[in-house]
J.: 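Structure below; questions to follow.
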2 protein chains.
Amino acid sequence: MTQEDEAGLGLRERKKRETRVALSRATIALCVRRGWDDVTVEDIAAAANVSVRTFRNYFSGKAEAIADGHLERMTRIADSLRAREADEPLWDSIVHAVLARFVPRDESGAEAPPDQRWADGLRLMLAEPALQGEVAKANAAAQEALTLAIAERTGTDPARDVYPRLVAAVVGAGSAVAVEYCLRADPPASLEPVLREVFDRLAAGLPTP
Amino acid sequence: MTQEDEAGLGLRERKKRETRVALSRATIALCVRRGWDDVTVEDIAAAANVSVRTFRNYFSGKAEAIADGHLERMTRIADSLRAREADEPLWDSIVHAVLARFVPRDESGAEAPPDQRWADGLRLMLAEPALQGEVAKANAAAQEALTLAIAERTGTDPARDVYPRLVAAVVGAGSAVAVEYCLRADPPASLEPVLREVFDRLAAGLPTP
DNA sequence: GGAAATCTTGCCTGATCGGCAATATTTGCC
DNA sequence: GGCAAATATTGCCGATCAGGCAAGATTTCC
């Protein structure tokens, strides 16, 4: 297991996290209902019972609030990677780590309920051009954490070697392609096989099919 | 050769391109000199001899103006790829296409003068967090064009196959890693060997070193 | 229990954003 | 050359965003 969402954190941290998620949720919900440009920060703050000023203490704008869930998910791939056995082949670990975050399972078997905030947020971000930069930004930010985890795992130096950065970037790019592909597919495709195909191709050096 | 920057375009198109580049240049120059948040759109417009409103007809904000050079360079990789012989192995074509854009050479041999706007702009974007999203956005946008070129080349379908999107994303990610690595390196490293290393590793399936 | 740290909030000023209509420039056709 | 259509530039304006500052409320730590 990785860690409960709210473990032994102080009251303060818990409340902060609560309002953060509430704001993100409210932003997504309002934008889904009324469309991107018909939602003001004021509406969002009202829906989450905080002041406008507080919203802006958490997020720099609507876009960041929407991308927050995605950012967190991407960032935690690094945690999942660290949790794998160190002697497992690197790419096996990576596939498991990514799947653990994107298709989470409880101990029994089938996957946990899909995260509505994440899916709605992503759909918004893919549809609205003003938001596409924000997905990319979240991916880039998460890459940093992943780079460190990979460097640690492979005994490379994130400051001097290209390898860990390259792998992190490729994993991020591959995951993004898989997720977007499934989200855009007309009969929504399931994520796991697509992710596996992507990583198989990557490990094979992307030969022309 | 690929194409002159200003070929048989009408006067109108040439002027538009001129002001566009002038605005981008002015933005970068001012931001290098005075720092990101001490530059207003008004300053930029004044420096380029246009009205503020005109600036905003070209770019949605300072960030986009700075990223413009990078976006164009990335987008044209697709053009370079189309210009290669169709029977060359795909990855050879890709390496050549990327190098053609990043380390351009005239017919004689050694490379053309480095593009100052591009380098300065990238340095700004890597330094300023508010701009990192913009690089990522430009990369993502260029990816679309590259996807089409790769699909065409490999006879795959960009709408149904994951392959062309995946290759485009990986090429973009790899190039970004190489460029950032060289730009951050303390004694500035030269781009070509790093790019070759990156693509060698990619074609080999990124084995742990 | 009380001091220190920090989160929330309102207020305020300057900058950004984008629609609209008037004006100026280019283009294409005669 | 001249005219009409298409398109670019510009100023104006209201709405929104952006972020510094200080007062008040809440949590933490001793």
Side-chain angles (χ1 to χ4, degrees), chain A residues 6-28 30-31 34-68 124 128-134 137, chain B residues 6-28 30-31 33-68 124-125 128-134 137:
Chain A
E6 329 176 342
L9 296 167
L11 172 63
R12 188 165 229 144
E13 294 303 318
R14 247 183 302 136
K15 282 186 114 175
K16 272 179 64 172
R17 180 174 180 74
E18 246 172 60
T19 44
R20 186 182 190 81
V21 175
L23 282 171
S24 172
R25 263 190 218 293
T27 309
I28 292 171
L30 285 175
C31 286
R34 312 217 299 250
W36 168 254
D37 3 70
D38 277 323
V39 174
T40 70
V41 174
E42 200 166 350
D43 299 331
I44 301 166
N49 289 319
V50 293
S51 74
V52 175
R53 195 64 187 79
T54 296
F55 174 92
R56 301 189 38 65
N57 286 340
Y58 281 87
F59 301 109
S60 76
K62 291 185 285 176
E64 206 172 287
I66 290 181
D68 190 57
L124 268 176
E128 192 66 42
L131 285 178
Q132 291 178 5
E134 208 61 30
K137 181 166 143 194
Chain B
E6 327 173 345
L9 296 167
L11 172 63
R12 188 166 225 144
E13 294 304 318
R14 246 183 303 136
K15 282 185 112 176
K16 273 179 67 172
R17 180 173 181 73
E18 245 172 60
T19 43
R20 188 184 188 80
V21 174
L23 283 171
S24 172
R25 263 190 217 295
T27 310
I28 292 170
L30 285 174
C31 287
R33 192 192 329 275
R34 311 215 301 249
W36 168 254
D37 5 67
D38 277 324
V39 175
T40 71
V41 174
E42 200 167 348
D43 300 332
I44 301 166
N49 290 317
V50 293
S51 74
V52 174
R53 195 64 186 78
T54 297
F55 173 92
R56 302 192 34 62
N57 285 340
Y58 281 87
F59 301 110
S60 75
K62 291 185 286 176
E64 206 173 286
I66 290 181
D68 189 56
L124 268 177
M125 292 191 276
E128 193 65 42
L131 285 178
Q132 291 178 5
E134 208 60 30
K137 182 166 142 195

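A note on names: the letters A, B, ... follow the listed sequences, proteins ahead of strands, and every chain is numbered from 1.
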J.: Please state how far atom CD in B/E64 lies from atom P in C/dT16, giving the value in whole angstrom units.
T.: 14 Å
J.: Apply side chain to side chain contact (heavy atoms under 4.5 Å, CB included) to the pair B/T54 and B/T19, showing each step before the final yes or no.
T.: CA-CA 10 Å; B/T54 297; B/T19 43; over 6 Å; no
J.: Measure CD/A/E13 against P/D/dC29 and give the value in whole Å, please.
T.: 10 Å
J.: Is it true that A/K137 and A/E134 have a side-chain N and a carboxylate O under 4.0 angstrom from each other?
T.: yes
J.: Is there a donor-acceptor pair closer than 3.5 Å between any side-chain N or O of A/D68 and the backbone N or O of A/A65?
T.: no
J.: For B/L30 versus B/V39, what's the shortest heavy-atom pair and its separation?
T.: O-CG2, 3.6 Å
J.: With a 4.0 Å cutoff (strictly under), does any side-chain N or O of B/K15 reach OP1 or OP2 of C/dT25?
T.: no
J.: Separation of B/L23 atom CG from D/dT9 atom P, in whole Å?
T.: 9 Å
J.: Give the rounded distance in Å between these two atoms: CD of B/E18 and C1' of C/dT25.
T.: 15 Å
J.: Could you check which residues of residues 46-53 of chain B get a heavy atom under 4.0 Å from DNA chain D? Sort them by number, please.
T.: B/V50, B/S51, B/R53
J.: Taking atom P of C/dT27 as reference, at what distance in whole Å does atom NZ of B/K16 sit?
T.: 12 Å
J.: Just to confirm, is there a sub-4.0 Å distance from OP1 or OP2 of D/dG19 to any side-chain nitrogen or oxygen of A/R56?
T.: yes
J.: Atom CG of B/D38 and atom CH2 of B/W36: how far apart are they, to the nearest 0.5 Å?
T.: 12.0 Å
J.: May I ask you to evaluate whether A/T54 reaches the phosphate of C/dT9, defined as a side-chain N or O under 4.0 Å from OP1 or OP2?
T.: yes
J.: Between C1' on C/dT16 and CD on B/E42, what's the gap in Å once rounded to a whole number?
T.: 12 Å
J.: Send over the distance from A/N57 CG to C/dG10 C1', rounded to a whole Å.
T.: 12 Å
J.: Specify the closest pair of heavy atoms between A/R20 and A/Y58, including all atoms of both residues, with the distance to one decimal.
T.: NH1-CD2, 3.9 Å
J.: Output the rounded distance in Å from CZ (B/R34) to P (C/dA15).
T.: 12 Å
J.: Check the pair B/V41 / B/F59 against side chain to side chain contact (heavy atoms under 4.5 Å, CB included), numbers first and verdict last.
T.: CA-CA 10 Å; B/V41 174; B/F59 301 110; over 6 Å; no
J.: Which is true for B/Y58 with a 4.0 Å heavy-atom rule: it touches a base, it touches only sugar-phosphate, or it touches nothing?
T.: sugar-phosphate
